[in-house]
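Worksheet: the structure to be examined is printed underneath.
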2 protein chains.
Amino acid sequence: MNRVYEALAHPTRRQIIALLRRRERSAGELAEHFDIAKPTLSGHLRLLREAGLIYGERHGTSIVYHLHLSLLEEALGALLEMFRIGSERSVDDD
Amino acid sequence: MNRVYEALAHPTRRQIIALLRRRERSAGELAEHFDIAKPTLSGHLRLLREAGLIYGERHGTSIVYHLHLSLLEEALGALLEMFRIGSERSVDDD
DNA sequence: TTCCTAGTTAGCTAACTACCAAATTAATAT
DNA sequence: ATATTAATTTGGTAGTTAGCTAACTAGGAA
């Protein structure tokens, strides 16, 4: 879970997620949206992959990345739950 | 906004938020929950303060921290919006 | 004033992160 | 087998973060 929060901590990675939210894209397509070197982007993709937020499928020479939407929803749900937004505060506990 | 995500990236800071979600606490009370040196905790509090997620009020010698719930909700709302969970993907755009 | 408690700031080290260039792997085509 | 294209891994540097101890500041009490 911690990895998810860490993954979200970088603007580039949040934008990658936003882009994949619209549709799947190859690493090269994603690269066109950023002014950073390929290895740097590849590193961000690896981090997002390790956090379980995306996964890649090789199609010929290129690798197409997809968003693991279910996991993202789960993460956000956990976030909401953690802060218990909308629920009452308990009075008696530590 | 970026500061909010960065603030959420550390487990200790998320736990501080969770604790303050239940009720306000002084820095010292918070410290009891963690096995870290006071200055380290103070640093986390400063970071959360700079992200706008908490604020402190001095009461005598101690400083009582409160959660800025509205800002946290706003941040989570932005997160949901960013990923547009529940909405349709557009077909025509980049 | 002096002392005590609560917190923060300063200064430092160790560990980590972001980044790039160069080398490497993988798939396909010639 | 060789070449081409796409992407990742490796190796290195610069900057950042988390943690500590020691020193400092703020408020209240003796």
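Below, chain A is the first sequence line, B the second, and so on; all start at residue 1. The basis for the numbers below is simple: all heavy atoms, side chains too, and nothing from hydrogens, waters or symmetry mates.
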Seminar exercise, completed: Judged by nearest nucleotide, the residue sitting upstream toward the 5' end of DNA chain C, A:Asp35 or B:Gly28, is B:Gly28
For this session: Return the 5'-most residue of the pair B:Pro39, B:Leu47 with respect to DNA chain D, ranking by each residue's nearest nucleotide.
Result: B:Leu47
Exercise. Would you say A:Tyr5 and B:Leu71 are hydrophobically clustered, going by side-chain heavy atoms of ILVMFWY under 4.5 Å?
Worked result: no
For this session: Enumerate the residues from residues 49-60 of chain A whose closest heavy atom to DNA chain D is under 4.0 Å, giving them by residue number; use none for an empty result.
Result: A:Arg49
For this session: Please check if B:Val64 and B:Leu20 belong to a single hydrophobic cluster, counting links between Ile, Leu, Val, Met, Phe, Trp and Tyr side chain heavy atoms closer than 4.5 Å.
Result: no
Exercise. When the distance from CD1 of A:Ile63 to C1' of C:dT28 is rounded to whole Å, what number comes out?
Worked result: 14 Å
Problem set entry | Given DNA chain D, 5'-ward residue of the pair B:His44 and A:Ala27, judged by closest heavy atom | A:Ala27
Exercise. Within this structure, what is the CZ-to-C1' distance between B:Arg46 and C:dA6, rounded to whole angstrom?
Worked result: 18 Å
Exercise. When the distance from NZ of A:Lys38 to P of C:dA21 is rounded to whole Å, what number comes out?
Worked result: 13 Å
Problem set entry | Selection residues 32-48 of chain B - residue pairs positive for salt bridge (charged side-chain N to carboxylate O under 4.0 Å, His left out), sequence neighbours left out | B:Arg46-B:Glu50
Exercise. side-chain contact (heavy atoms from CB on, under 4.5 Å) with A:His44: which residues, sequence neighbours excluded?
Worked result: A:His10, A:Thr12, A:Arg13, A:Ile16, A:Ile36, A:Thr40
Exercise. Who are the side-chain contact (heavy atoms from CB on, under 4.5 Å) partners of A:Ser62, not counting sequence neighbours?
Worked result: A:Ser26
Exercise. Taking only residues two or more places apart in sequence or in another chain, which ones pass side-chain contact (heavy atoms from CB on, under 4.5 Å) with A:Ala31?
Worked result: A:Leu41
Exercise. For A:Ser62, which contact category applies under a 4.0 Å heavy-atom criterion: base, sugar-phosphate, or nothing?
Worked result: sugar-phosphate
Seminar exercise, completed: Hits for side-chain contact (heavy atoms from CB on, under 4.5 Å) against B:Ile63, two or more places apart or cross-chain, chain-then-number order -> B:Arg58, B:Tyr65
Seminar exercise, completed: Residue set satisfying salt bridge (Lys or Arg N to Asp or Glu O under 4.0 Å) with B:Glu29, at least two apart, ordered chain then number -> B:Arg23
For this session: Under 4.0 Å between any heavy atoms, over every strand shown, what does B:Phe34 touch: base, sugar-phosphate, or nothing? Just pick one.
Result: nothing
For this session: For A:Ser26, report the nucleic acid contact type (base, sugar-phosphate, nothing); a contact means any heavy atom under 4.0 Å.
Result: sugar-phosphate
Exercise. Excluding sequence neighbours, so at least two apart, what forms ring-ring contact (aromatic ring centres under 6.0 Å, His included) with B:Tyr55?
Worked result: B:His66, B:His68
Seminar exercise, completed: Here the distance between atom P of C:dT17 and atom CG of A:Asn2, to the nearest Å, is 10 Å
For this session: Could you tell me from which nucleotide to which nucleotide of DNA chain D, 5' to 3', there is an atom under 4.0 Å from chain A heavy atoms?
Result: D:dA6 to D:dT9
